[in-house]
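If you're wondering where the values come from, they're calculated on a predicted model, not measured in any experiment. So that the names make sense, note that chain A is the first sequence line, chain B the second, and so on, each numbered from 1.
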Number of protein chains: 2
Amino acid sequence: MSVAIAAGAVCAQLRKDILAGLFAFGGRLKIDELAARYATSHMPIREALRQLQGEGLVTVEPNRGARVRKVDIEFIRDIFDLRVALEGMLARRAAERIDQSQLARLSAIEEKLEASAARKDFTAVLAANQAFHAVINEAAGNVEAIRVLEVHWNLIIALWGRHGYGPDRAAGVISDHRQLIVALRARDADGAVMLASAHAVKAKQEMLRRFEATAGSAKAA
Amino acid sequence: MSVAIAAGAVCAQLRKDILAGLFAFGGRLKIDELAARYATSHMPIREALRQLQGEGLVTVEPNRGARVRKVDIEFIRDIFDLRVALEGMLARRAAERIDQSQLARLSAIEEKLEASAARKDFTAVLAANQAFHAVINEAAGNVEAIRVLEVHWNLIIALWGRHGYGPDRAAGVISDHRQLIVALRARDADGAVMLASAHAVKAKQEMLRRFEATAGSAKAA
DNA sequence: CAGTGGTCTAGACCACACG
DNA sequence: GTGTGGTCTAGACCACTGC
């Protein structure tokens, strides 16, 4: 046996399943159903739901049950504004603290990202993109901000997956990244802030455009 | 009877008790103990702890139990940097959207704050300060950012309570607030960002100074 | 190889929605 | 009412710690 800590495992798996689109945004999360799916009893499920509620991925109404967070256009605007603010701040700290090894990793990841883009493997591009930002966050070293941002990053990746992440978007990302690396290497904090913020603003605009285009088909199921 | 939803009540009360200093930062949270204190059984306590974990106030190690989040100088720097970034962003959105009624409430709160400061009632000043920022957040209307900020605000207030919030700090707050109101009224978004950010940076510096001064007496118990 | 304390299961209880 | 489904209690089980 020894699955060890059912609640933690359920939480991780459920988070993954929600982001993978297995449960629709705004959709009901029934305890019995989840208990059957994850082969456990009620309480570990409840714990997982509570934790995800704390993270903001799930909403729970007393005596009414849990739902996956509803995603509408205001929510998207909100989390992207949040991302713009946080990534600017993280870029500043990264510029002040980044070391050679991190710069090297950043360049390596960027090369992989560009190769994947050339291959039109946009799932790989998304993954490399996340890795790129993870290195910057690591260099910034603000654990608390990263904790906050992580939840939203995962959501944003899920949204790109649902609404399409194509060549046009990838091209913009690549030039932004290259310039950001230059700024970080030069320890140009103000430049890094501007570049990172602009990068996030572009992502926001792009996402809003796509979400509006796909509007109506908000159900994922 | 009918306490209705033990888990939710426990969560709220425990949060309050932690922030009130009833449990030391970094201190152990034993389930049996909490169950006795809040007159309930294990599971509602566990749920509350999970939710607070999601919010970042509590850390849980599998099979090792829960602790109140450790507060050290890096953590303080981190959450204040986060606050600087978020309040700047919120101030921009507030400048773009604030209405007359909100501006009026802002001025009213500020008058109360100044009166309390004159009376040297610094608990009231802290409360009014929170109300002031609450109106700005409401005007900004970024629910997600506010959700994130709220947890940290509560922590920050708790820290001011522990490390002293005195006349010198209050004086700076007052002039900052007045200028911020002017910028918001004029819909000067860039100005509001600068003022709000600088305001938060000052708070950060002040808090770091006090925390370092009180260092060593990190235990609250 | 106990003791402490965290984790899970099973099942009863109860709130709310519907016919 | 009846049914669905959320919530809680009691107690067994099990992982780690220290004698």
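One atom, CD1 of B/Ile5, and another, C1' of C/dA15, lie 9 Å apart when rounded to the nearest Å. Between the NE2 atom of A/His42 and the P atom of D/dT9 there is a distance of 16 Å, given to the nearest Å. Rounding to whole angstrom units, CD of residue A/Glu33 and C1' of D/dG6 are separated by 14 Å. Per the geometry, CG belonging to B/Asp32 stands 14 Å off C1' belonging to D/dA12, to the nearest Å. Atom CD in B/Glu47 sits about 14 Å away from atom C1' in C/dT7, given to the nearest Å. Atom C1' of nucleotide C/dA17 and atom CD of A/Glu61 are separated by 14 Å, given to the nearest angstrom.
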side-chain contact (heavy atoms from CB on, under 4.5 Å) evaluation trace for A/Glu144 with A/Asn142: CA-CA 6 Å; A/Glu144 196 58 16; A/Asn142 186 329; 3.7 Å; yes
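Using a cut-off of 4.0 Å between Lys/Arg side-chain N and Asp/Glu carboxylate O, B/Arg93 and A/Asp78 are scored as salt-bridged. Ion pairing between B/Glu206 and B/Arg169 fails under the 4.0 Å rule for side-chain N and carboxylate O. With respect to A/Glu138 and A/Arg105, a salt bridge is recorded, a charged nitrogen being found less than 4.0 Å from a carboxylate O. A salt bridge does not link A/Asp32 with A/Lys30: none of the charged nitrogens is closer than 4.0 Å to a carboxylate oxygen.
Of the listed nucleotides (D/dC8, C/dC8, D/dT9), C/dC8 has the atom at the smallest distance from the side chain of A/Ala6. In the set C/dG6, C/dC8, D/dT9, D/dT9 carries the atom at the smallest distance from any side-chain atom of B/Ser41. Of the listed nucleotides (D/dG5, C/dT9, C/dT7), C/dT7 has the atom at the smallest distance from the side chain of B/Ile31. If you check D/dT9, C/dT7, D/dG6 against the side chain of B/Asn63, the one that comes closest is C/dT7. Side-chain atoms of B/Met43 lie closest to C/dC8 of the nucleotides D/dG6, C/dG6, C/dC8.
Of the residues in residues 49-60 of chain B, none lies under 4.0 Å from DNA chain C by heavy-atom distance.
A sub-4.0 Å separation between OP1 or OP2 of C/dT9 and a side-chain N or O of A/Thr40 is present. Contact annotation: B/Arg46 side-chain N/O to C/dT7 OP1/OP2 distance is under 4.0 Å. For the pair A/Arg28 and D/dG6, the criterion of a side-chain N or O lying under 4.0 Å from OP1 or OP2 is met. Checking the phosphate oxygens (OP1, OP2) of D/dT17, a side-chain nitrogen or oxygen of B/Arg64 falls inside 4.0 Å.
Looking at B/His152, B/Arg147, B/Arg69, B/Arg15 one by one, the single match for side-chain contact (heavy atoms from CB on, under 4.5 Å) with B/Glu55 turns out to be B/Arg15.
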For residues 6-14 of chain A, which side-chain N or O atoms pair as donor and acceptor with protein atoms under 3.5 Å away, sequence neighbours left out?
| from | atom 1 | to | atom 2 | distance (Å) |
| --- | --- | --- | --- | --- |
| A/Gln13 | NE2 | A/Asp17 | OD1 | 3.2 |

